[in-house]
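Just so we're clear, the structure is a prediction, and the values are computed from it rather than from any experiment.
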Amino acid sequence: MKRFVKSSLMFLSMLLLVTACSTQPVETQPTPTPEPPAPPVETPEPNQPIQYPYRAPLTGLGSQENLDSKRPIMVMINNAPPARPQTGLNQADMIYEVMAEGEMTRFLTIFQSQRPEVIGPVRSIRPYFIQLGLGFDAVLVHAGGSPEALATLARSDYNLNELSNGRYFWRESFRKMPHNLYTKPELLEQAMQDKGMRTTAEVPHFSFLPEDAVITEGEPATQVDITFHSLNKAAFTYDAEQKKYMRFTAGKPHVDLSDNKQLAATNLLVISTKHRVLDKEGRLQVDVVGPGDGYLFQQGKVRKIKWKRSNGVIRAYEDATLTKEVQWLPGNTWVEILPSSPGLSQSLKFQ
């Protein structure tokens with residue numbers, strides 16, 4: 001019995017010794033894992049130009065949206081003195097200024113890459129404006145028109161006439177009729193949807209120079225004076241800082257009513273073409289097919305060019321054979337269409 005107790009005590013003592021040696025202290029706080037170093041913040045280079053994935057087909061300017069097939073909207077804009085200053089001209093991609101009756105001009109405005117809040121005053125259309133607009137595969141927006149123009153449009157599904165679609169337009173009270181009719185892109189897009197019009201189009205493309213291009217060809221021309229009629233004169237003065245030709249009408253800065261800023265053109269094309277009076281109302285037939293002569297003003301310089309309507313739109317060419325197309329500077333374009341009689345030598349002055 002004594003031997004058994006003694007043996008048991010020795011066994012317990014050895015067991016306690018082994019347990020004490022094998023037990024490790026318990027850690028109450030986990031060892032933190034070091035965080036990976038944060039990537040360095042990339043600071044953009046100062047004055048670094050924004051890289052856009054696309055280029056607008058009518059201006060050559062960068063765009064976040066692919067506009068190659070977006071259908072343009074063409075709006076006829078009144079240019080009679082009671083209609084000035086107009087609204088939305090400052091966001092048109094291209095503007096064509098052409099004579100109408102009464103020795104006044106009207107603006108055919110092409111909107112595609114920009115979206116003004118309001119456009120107007122809207123006015124009536126003529127056959128040669130239809131020709132120009134069709135070249136852009138645009139929706140033609142107008143308020144009435146000459147009998148010939150309305151007959152042409154009656155067989156079409158690409159026009160939006162205010163006379164039969166008044167809910168997409170409105171009249172302002174601060175001007176008198178017919179110089180107070182306005183619209184806006186939201187209404188025009190709703191009209192296109194309501195009428196099942198295409199929103200895509202075969203948009204013409206132009207050839208553009210790089211955005212940092214410098215024009216070296218041509219003669220200096222910082223002042224351009226245009227006479228449509230003795231009572232209807234326009235001018236453009238080159239602003240070297242903005243690299244644009246600033247618009248004047250009747251000797252005063254021609255501004256946009258939306259922001260009171262002066263209208264301007266990056267590319268200014270002045271061409272001569274045949275005009276013929278059709279009736280006692282003074283309605284005209286204007287040749288917008290060509291070919292003919294003209295001048296192109298860019299960055300304070302001018303070059304003599306030839307022009308013709310090619311692939312639907314008026315284009316400028318460097319050579320008499322009309323094979324080498326002139327490239328535009330990225331930006332908006334104004335096209336001034338003058339009568340061939342008395343001709344550019346009398347209607348256009350520049351220095």
Side-chain angles (χ1 to χ4, degrees), residues 56-59 65-78 87-89 91-98 100 106-171 178 181-206 278 283-289 309-315 335 337:
L58 303 182
T59 67
E65 178 187 2
N66 186 349
L67 301 171
D68 285 353
S69 61
K70 180 181 178 181
R71 194 170 195 185
I73 293 173
M74 185 212 86
V75 185
M76 289 301 310
I77 301 293
N78 193 345
T87 302
L89 293 180
Q91 294 191 63
D93 289 352
M94 302 188 74
I95 296 178
Y96 293 79
E97 184 173 16
V98 196
R106 288 187 186 170
F107 296 128
L108 178 153
T109 54
I110 302 292
F111 298 93
Q112 202 233 13
S113 68
Q114 297 189 78
R115 186 185 174 92
E117 291 186 7
V118 176
I119 305 172
V122 182
R123 206 64 171 94
S124 57
I125 199 167
R126 301 292 179 264
Y128 44 93
F129 289 113
I130 295 175
Q131 280 184 282
L132 291 170
L134 288 180
F136 289 90
D137 198 11
V139 175
L140 312 184
V141 180
H142 60 101
S146 65
E148 185 182 353
L150 293 179
T152 300
L153 294 174
R155 302 187 297 271
S156 73
D157 60 355
Y158 47 75
N159 91 101
L160 189 63
N161 186 353
E162 181 269 341
L163 298 184
S164 54
N165 297 279
R167 65 185 180 276
Y168 306 112
F169 302 79
W170 74 90
R171 290 195 181 273
L181 184 66
Y182 291 82
T183 187
K184 58 183 178 180
E186 289 87 348
L187 290 175
L188 300 178
E189 290 162 3
Q190 184 63 52
M192 293 171 66
Q193 179 179 333
D194 294 345
K195 294 176 174 298
M197 293 182 176
R198 289 180 289 111
T199 58
T200 59
E202 295 182 9
V203 182
H205 284 65
F206 294 91
L278 295 176
R283 296 188 183 100
L284 300 172
Q285 181 183 73
V286 179
D287 175 19
V288 293
V289 177
R309 188 170 185 258
S310 178
N311 295 324
V313 292
I314 290 174
R315 300 177 187 272
V335 180
I337 301 180

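Panel note: side chain Arg283, backbone Ala100; no donor-acceptor pair is recorded below 3.5 Å. Asn165 contributes no side-chain N or O that, together with a main-chain N or O of Leu160, makes up a donor-acceptor pair within less than 3.5 Å. Judged purely by atom type and a 3.5 angstrom limit, Gln112 uses its side chain to pair as donor or acceptor with the backbone of Leu67. Judged purely by atom type and a 3.5 angstrom limit, Asp93 uses its side chain to pair as donor or acceptor with the backbone of Ser113.
Leu284 has its side chain within reach of Tyr128: a pair of non-hydrogen atoms, C-beta onward, lies under 4.5 Å apart. No side-chain heavy atom of Phe111 sits under 4.5 Å from any side-chain heavy atom of Pro72.
Heavy atoms from other residues, nucleotides or ligands lying under 6.0 Å from CD of Glu148 number 12 at most. Gln190 CD: more than 12 foreign heavy atoms inside a 6.0 Å radius. For Glu202, the CD atom counts as loosely surrounded, since its 6.0 Å shell holds 12 or fewer non-hydrogen atoms of other residues, nucleotides or ligands.
Taking the ring axis of Phe206 as reference, the NZ or CZ atom of Arg315 stays within 45° of it and closer than 6.0 Å to the ring centre.
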Determine whether Phe129 and Val98 satisfy the following criterion, side-chain contact (heavy atoms from CB on, under 4.5 Å), listing intermediate values before the conclusion. CA-CA 9 Å; Phe129 289 113; Val98 196; 3.8 Å; yes
As a quick check of understanding, evaluate side-chain contact (heavy atoms from CB on, under 4.5 Å) for Asn161 and Leu153, giving each step before the final call. CA-CA 9 Å; Asn161 186 353; Leu153 294 174; over 6 Å; no
Test Asp137 against Arg198 for salt bridge (charged side-chain N to carboxylate O under 4.0 Å, His left out), laying out the working first. CA-CA 10 Å; Asp137 198 11; Arg198 289 180 289 111; 3.0 Å; yes
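Between atom CG of residue Leu108 and atom CG of residue Leu132 there is a gap of 5.5 Å, rounded to the nearest 0.5 Å. Atom CD1 of Ile119 and atom CG of Leu89 lie 9.5 Å apart (nearest 0.5 Å). Rounded to the nearest 0.5 angstrom, Thr199 OG1 and Arg71 CZ are separated by 9.0 Å. Once rounded to the nearest 0.5 Å, the distance linking CE of Met76 with CG of Leu140 reads 10.0 Å. For the atom pair OG (Ser164) and CG (Asn159), the distance works out to 7.0 Å, reported to the nearest 0.5 Å.
Contact check on Glu189 versus Lys184 returns no salt bridge, with no Lys/Arg side-chain nitrogen under 4.0 Å from an Asp/Glu carboxylate oxygen.
Tyr158 and Met197 make their closest contact through C-CE, 4.4 Å (heavy atoms, listed as atom of the first residue, atom of the second, distance). The two residues Thr109 and Ile95 come nearest to each other via the heavy atoms CG2-CG1, 4.0 Å. Across all non-hydrogen atoms, the minimal contact from Val313 to Gly135 is CG1-O, 3.9 Å. When all heavy atoms of Pro178 and Asn78 are compared, the pair lying nearest together is O-ND2, 4.2 Å.
Judged by distance alone, the side chains of Ser124 and Arg126 do bring a donor and an acceptor atom under 3.5 Å apart. Counting only N and O atoms by type, the side chains of Tyr168 and Asp194 include a donor and acceptor under 3.5 Å apart.
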